[in-house]
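First comes the structure, then the notes that go with it.
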Amino acid sequence: MEFFDVVRARRSIRKYERGEPVRAEDLRLILEAMRLAPSAKNLQPWHVIVVRDQERKKALARAAHNQRFVADADVVLVCLSDPGVSPKWHDKDAMIALEHAALAATALGCGCCWIGAFDPEAVKRILKAPEELVAVAMMVIGVPGESPPPRPRKRLEELASSEEFGRPLDI
Ligand SMILES: Cc1cc2nc3c(=O)[nH]c(=O)nc-3n(C[C@H](O)[C@H](O)[C@H](O)COP(=O)(O)O)c2cc1C
């Protein structure tokens, strides 16, 4: 898919074909897209855990305030960051890598959804993650079971200015 087609096609998918796996080569490409993401000083201060075990996914769904679709998707990527490596940018770098995963998943025809609403300490316990790491966000990925229309966005003029804050966009 061409880049802007991917950006336009991506949606938060909250319904998945249960039991339908993401192909191994697609999952590898999604993780490769994360690996190639930029990070401050190229420190790459994050680690991603690929969760496919059904019981563990159910535990993550419970930790995500019972967002049950989390357990229906084939894969849950959980991105942890290390403030000890990059005190200022660790979590932002993890988010950048996860959005690479979202766009790669979309380009490959997978559905995906960001999960930011969860208890980070519970997630770390479920994954046996080291104490010093931060559970930043999760991304569920699977075979889509819905095809929602695009969600509304603000107009560009509300989001962008030319030269100074609030000066109308002039491009
Ligand atoms: C940082 C972040 C956290 C999010 N957390 C959740 C979440 O916990 N559960 C959920 O269903 N959607 C979550 N979303 C998805 C947003 O609700 C969604 O992106 C937004 O409503 C726009 O819809 P769209 O992604 O289909 O364009 C999150 C998105 C982002 C970027």
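One is the number of the first residue; the rest follow in order along the sequence. Order of appearance sets the numbers: ligands from 1, and atoms from 1 within every ligand.
- You'll find the side chain of Thr106 reaches within 4.5 Å of the side chain of Cys112, heavy atoms only.
- For the side chain to side chain contact (heavy atoms under 4.5 Å, CB included) test with Ile49, the passing option among Leu80, Val123, Val76 is Leu80; the others fail.
- Pairing each heavy atom of Arg10 with each of Ser12, the nearest pair is NH1-N, 3.7 Å.
- Taking atom 19 (O) of ligand 1 as the reference point, the nearest protein heavy-atom neighbour is Ser12 OG, 3.3 Å.
- Set against the non-hydrogen atoms of Gly116, the atoms of ligand 1 under 4.0 Å away are 3 (C), 4 (C), 5 (N), 6 (C), 7 (C), 8 (O).
- Arg10 counts as a contact of ligand 1, since one of its heavy atoms falls under 4.0 Å from the ligand.
- Counting the atoms of ligand 1 from 1 in the order shown, those under 4.0 Å from a heavy atom of Arg151 are 23 (O), 24 (P), 26 (O).
- When each of Val140, Asp74, Ile141, Val143 is checked for a side chain to side chain contact (heavy atoms under 4.5 Å, CB included) with Tyr16, only Val140 meets the rule.
- Remark: ligand 1 atoms within the under-4.0 Å shell around heavy atoms of Phe69 are 11 (O).
- Of all atoms in ligand 1, listed by their number and element, those nearer than 4.0 Å to a heavy atom of Met95 are 1 (C).
- Residue Arg11 has no nitrogen or oxygen atom sitting less than 3.5 Å from a nitrogen or oxygen atom of ligand 1, judged on distance alone.
- A salt bridge does not link Glu25 with Arg28: none of the charged nitrogens is closer than 4.0 Å to a carboxylate oxygen.
- No path of Ile, Leu, Val, Met, Phe, Trp and Tyr side chains, each step under 4.5 Å between heavy atoms, connects Val136 with Leu133, placing them in separate hydrophobic clusters.
- In the hydrophobic cluster analysis, where Ile, Leu, Val, Met, Phe, Trp and Tyr join through side-chain heavy atoms closer than 4.5 angstrom, Met139 is grouped together with Trp46.
- When each atom of ligand 1 is checked for a heavy atom of Ile115 under 4.0 Å away, the hits are 5 (N), 6 (C), 7 (C), 8 (O), 9 (N).
- Exactly one of Arg18, Lys15, Arg14 qualifies for a salt bridge (charged side-chain N to carboxylate O under 4.0 Å, His left out) with Asp72. That residue is Arg18.
- For atom 29 (C) of ligand 1, the nearest non-hydrogen atom of the protein is Trp114 CB, 3.4 Å.
- The residue Met138 has no part lying near ligand 1, judged by heavy-atom distances below 4.0 Å.
- Atoms of ligand 1 lying under 4.0 Å from any heavy atom of Ala117, numbered from 1 in the order shown and given with element: 8 (O).
- Among all protein heavy atoms, the one lying closest to atom 12 (N) of ligand 1 is Arg14 NH2, 3.1 Å.
- A pairwise comparison of heavy atoms in Gly111 and Pro144 identifies N-CD, 3.5 Å as the closest pair.
- The shortest heavy-atom distance from Cys113 to ligand 1 is under 4.0 Å.
- Atoms of ligand 1 lying under 4.0 Å from at least one heavy atom of Gln67, given by number and element, are 7 (C), 8 (O), 9 (N), 10 (C), 11 (O).
- Hydrophobic clustering (side-chain heavy atoms under 4.5 Å, transitive across Ile, Leu, Val, Met, Phe, Trp, Tyr) keeps Met138 apart from Trp114.
- In terms of protein heavy-atom proximity, atom 27 (O) of ligand 1 is nearest to Arg153 NH2, 2.8 Å.
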